Amino acid sequence: MKKINIITTIFIILIISCMFSCSPAPGYAQPSLTSAETDDLIYVGFVQVGAESDWRIANTKSMKETFTEVKGYKFEMFDAQQNTQKQITALRDFILKDVDYLVLAPNTEAGWDTVLGEAKEAGIPVIIVDRMIKTNDDSLFTAWVGSDFKQQGYDAVTVLERILEKRGIADQEVNIVTLQGNLGSTAQIGRTEGFAEKLSEHPNWNMLDRQSGDFTQERGQEVMDLFLKTYPDIDVVISENDNMAFGAINAIEAAGKTCGPNGDIIIVSFDGVRAAFEAMIEGKIDACVECNPLHGPRVESIIQALERGEKVEKFVFVKESVFYAEDAASLIDSRDY
Ligand code: GZL
């Protein structure tokens, strides 16, 4: 074999091996810096739930826009596709990479003590964002920032009370179904429990059924389709996020019914993303309980305080509101997500 062929062959092998060794593992976004350049950056490993909803997309966007190289960060995110076990594995990968901070948006509440114990052992601060973990050991995380989901459940009751009052049917029998989020997630637990707690104050409100639509539009439509086939007299849908509400609208219209302020079925949704404001303007959703996803700056202020050696609040709750269809047109241009 000619010498030139051997050199060409080695060169091709080198190129191919580099292509595989340089590309990021599935789920990770590869930083574009050399090791020398990254030494003085703050290395943040973010374990995200997934990309299941408009809310989650806005949350990821907020984190990526905050933790940029220009601002002094090396930022890597892992998308766990709503799989808690994948999140645990990703945390271990980031511990091995010796990140400066671990940021975790937990998919569900249970099962974090072991891996967060490993992070503590490695001396890596953990910041929990959005949903919460269930643990008896608060030392396993440095800070949490997110929403008061139980309060959101209470707010949904207040919103429905006002809607029924306005329709002049506050004293009539009301049949309700609930599209729940991922079972075992703090957002689902809090919203379901908050609504259920206040539901007992309304003996004329009947909760016909609750089922999980996994916070996705597709599954929300499937579950709503099932509800419509099972219960001919649904008056209200409580949807634990906007994307499931969009699915519910499709199912309701496919069944030949209407929804929204002038429709057969009232829809109260959680999140308040832009597409939900558009649906309120179209008259298909009656109201939204706000859940603000813009956690990037909130997490950054915690990290910056820690970098300055300051103590930080253990729990930071985001202030949120409620929005009614009649106000959506005047508010939509001021919405940040
Ligand atoms: C709430 C968040 C939920 C949103 C959904 O803080 O965890 O997850 O309500 C998202 O849209 O999927």
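In this text the structure is predicted, and so the values were computed from the model without any measurement. The chain is numbered in sequence order, starting from 1.
With Asn292 contributing its side chain and Leu294 its backbone, the two residues share a donor-acceptor pair below 3.5 Å. Between the side chain of Thr60 and the backbone N or O of Ile57 there is no donor-acceptor pair closer than 3.5 Å. Using a distance-only test at 3.5 Å, with no hydrogens or angles considered, no donor-acceptor pair links the side chain of Arg131 to the main chain of Ser185. Although no hydrogens or angles enter the test, the distance criterion places no donor-acceptor pair under 3.5 Å between the side chain of Arg191 and the main chain of Lys150. Within the 3.5 Å criterion, the main-chain N or O of Thr258 finds a donor-acceptor partner in the side chain of Asp264. Within the 3.5 Å criterion, the main-chain N or O of Val273 finds no donor-acceptor partner in the side chain of Trp55. A donor-acceptor contact shorter than 3.5 Å is absent between the side chain of Gln188 and the backbone of Gly181. Judged purely by atom type and a 3.5 angstrom limit, Thr186 uses its side chain to pair as donor or acceptor with the backbone of Met132. A donor-acceptor pair is defined here as one N or O able to donate and one able to accept, closer than 3.5 Å; no such pair exists between the side chain of Asp235 and the backbone of Ile265.
Under the 6.0 Å distance and 45° angle rule, Arg92 does not count as a cation-pi partner of Phe94. By the 6.0 Å and 45° rule, Arg162 stacks over the aromatic ring of Tyr324. Annotation: cation-pi pair Lys120/Phe141 absent, no NZ/CZ under 6.0 Å from the ring centroid and within 45° of its normal.
No side-chain N or O of Ser321 forms a donor-acceptor pair with one of Glu290 less than 3.5 Å apart. Side-chain polar atoms of Asp113 and Thr135 form a donor-acceptor pair below 3.5 angstrom. Between the side chains of Asn250 and Gln221, a donor-acceptor pair is found at a separation under 3.5 Å. Residues Tyr101 and Glu307 bring a donor and an acceptor atom of their side chains to less than 3.5 Å of each other. Using modelled atom types and a 3.5 Å distance limit, the side chains of Tyr231 and Asp209 yield a donor-acceptor pair. A donor atom on one side chain and an acceptor atom on the other are not found under 3.5 Å apart for Ser269 and Ser239.
The environment of CD in Glu109 is crowded: more than 12 heavy-atom neighbours from other residues, nucleotides or ligands sit within 6.0 Å. Annotation: Glu313, atom CD; neighbour count of heavy atoms from other residues, nucleotides and ligands within 6.0 Å does not exceed 12. More than 12 heavy-atom neighbours from other residues, nucleotides or ligands sit within 6.0 angstrom of CD on Glu326. Within a 6.0 Å radius of CG in Asp233, other residues, nucleotides and ligands contribute more than 12 heavy atoms. Heavy atoms from other residues, nucleotides or ligands lying under 6.0 Å from NZ of Lys166 number 12 at most. Heavy atoms from other residues, nucleotides or ligands lying under 6.0 Å from NZ of Lys134 number 12 at most. Surrounding CD of Glu121 are at most 12 heavy atoms belonging to other residues, nucleotides or ligands under 6.0 Å away. Atom NZ of Lys314 has more than 12 neighbouring heavy atoms from other residues, nucleotides or ligands inside a 6.0 Å radius.
A heavy-atom distance below 4.5 Å is not found between the side chains of Asn206 and Val174. Using a 4.5 Å cut-off on side-chain heavy atoms (C-beta onward), Phe270 and Cys288 make no contact. Side-chain contact check for Thr192 versus Ile189: every heavy-atom pair is 4.5 Å or farther apart. Val126 is not listed as a side-chain neighbour of Val103, based on a closest heavy-atom distance of 4.5 Å or more. Looking at Ile176 and Leu160, their side chains come closer than 4.5 Å, going by heavy atoms from C-beta outward. Taking the side chain as every heavy atom from C-beta outward, Val49 and Gln87 approach each other to under 4.5 Å. Side-chain contact check for Val299 versus Val145: some heavy-atom pair is nearer than 4.5 Å.
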Exercise. Are Asp130 and Phe149 close enough, and set up right, to give a side chain to side chain contact (heavy atoms under 4.5 Å, CB included), and what steps lead you there?
Worked result: CA-CA 10 Å; Asp130 179 25; Phe149 299 106; 3.6 Å; yes

For this session: Would you check, one step at a time, whether the test salt bridge (Lys or Arg N to Asp or Glu O under 4.0 Å) holds for Lys61 with Asp54?
Result: CA-CA 10 Å; Lys61 182 169 178 282; Asp54 291 28; over 6 Å; no

For this session: Would you please test Phe46 and Glu76 for side chain to side chain contact (heavy atoms under 4.5 Å, CB included) and show each step?
Result: CA-CA 6 Å; Phe46 176 40; Glu76 272 187 49; over 6 Å; no

Exercise. Can you check salt bridge (Lys or Arg N to Asp or Glu O under 4.0 Å) on Glu161 and Lys198, steps first, answer last?
Worked result: CA-CA 11 Å; Glu161 285 167 348; Lys198 299 262 180 207; over 6 Å; no

For this session: Might you work through the side chain to side chain contact (heavy atoms under 4.5 Å, CB included) test for Ser147 and Gln152, ending with a clear yes or no?
Result: CA-CA 8 Å; Ser147 299; Gln152 291 178 358; 3.4 Å; yes

Exercise. Should Ile285 and Phe246 be marked as a side chain to side chain contact (heavy atoms under 4.5 Å, CB included) after you check the CA-CA gap, both sets of side-chain angles, and the distance that decides it?
Worked result: CA-CA 9 Å; Ile285 289 181; Phe246 305 151; 4.1 Å; yes

For this session: I would like to know whether Asn59 and Gln48 meet side-chain hydrogen bond (donor to acceptor under 3.5 Å, both in side chains); could you show each step before the answer?
Result: CA-CA 9 Å; Asn59 179 248; Gln48 178 58 294; 2.8 Å; yes

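Shown here for Gly194 and Tyr154, the closest heavy-atom pair between the two residues is O-CD2, 3.3 Å. The minimum heavy-atom distance between Asp214 and Gln82, with the atom names listed, is O-NE2, 3.2 Å. The minimum heavy-atom distance between Leu41 and Lys74, with the atom names listed, is CB-N, 3.8 Å. Shown here for Ala170 and Glu165, the closest heavy-atom pair between the two residues is CB-OE1, 3.4 Å.
Taking the six-membered ring where the residue is Trp, Phe315 and Trp144 present tilted rings, their angle falling between 30° and 60°.
Under 4.0 Å is where a charged nitrogen must lie from a carboxylate oxygen, and between Lys229 and Asp225 at least one such pair does. Using a cutoff of 4.0 Å between basic side-chain nitrogens and carboxylate oxygens, Asp79 and Arg56 are not scored as salt-bridged. Look at Glu65 and Lys71 and you find no salt bridge, because none of the NZ, NE, NH1 or NH2 atoms lies under 4.0 Å from a carboxylate O.
Here NE2 of His202 is found 8.5 Å from CG of Leu164. Values are rounded to the nearest 0.5 Å. Rounded to the nearest 0.5 angstrom, Arg210 CZ and Phe195 CZ are separated by 8.5 Å. Atom CD1 of Ile127 is separated from atom CZ of Arg298 by 14.0 Å, given to the nearest 0.5 angstrom. Annotation: the span from Gln151 atom CD to Asp155 atom CG amounts to 4.5 Å, rounded to 0.5 Å. With rounding to the nearest 0.5 angstrom, the CG atom of Asp100 is 11.0 Å from the OH atom of Tyr73. Annotation: the span from Asp242 atom CG to Gln217 atom CD amounts to 10.5 Å, rounded to 0.5 Å.
With ring centers used as reference points, Phe277 lies under 6.0 Å from Phe323.
Considering Val223, Thr178, Leu183 in turn, Val223 is the only one that fulfils the side chain to side chain contact (heavy atoms under 4.5 Å, CB included) rule with Gln211.
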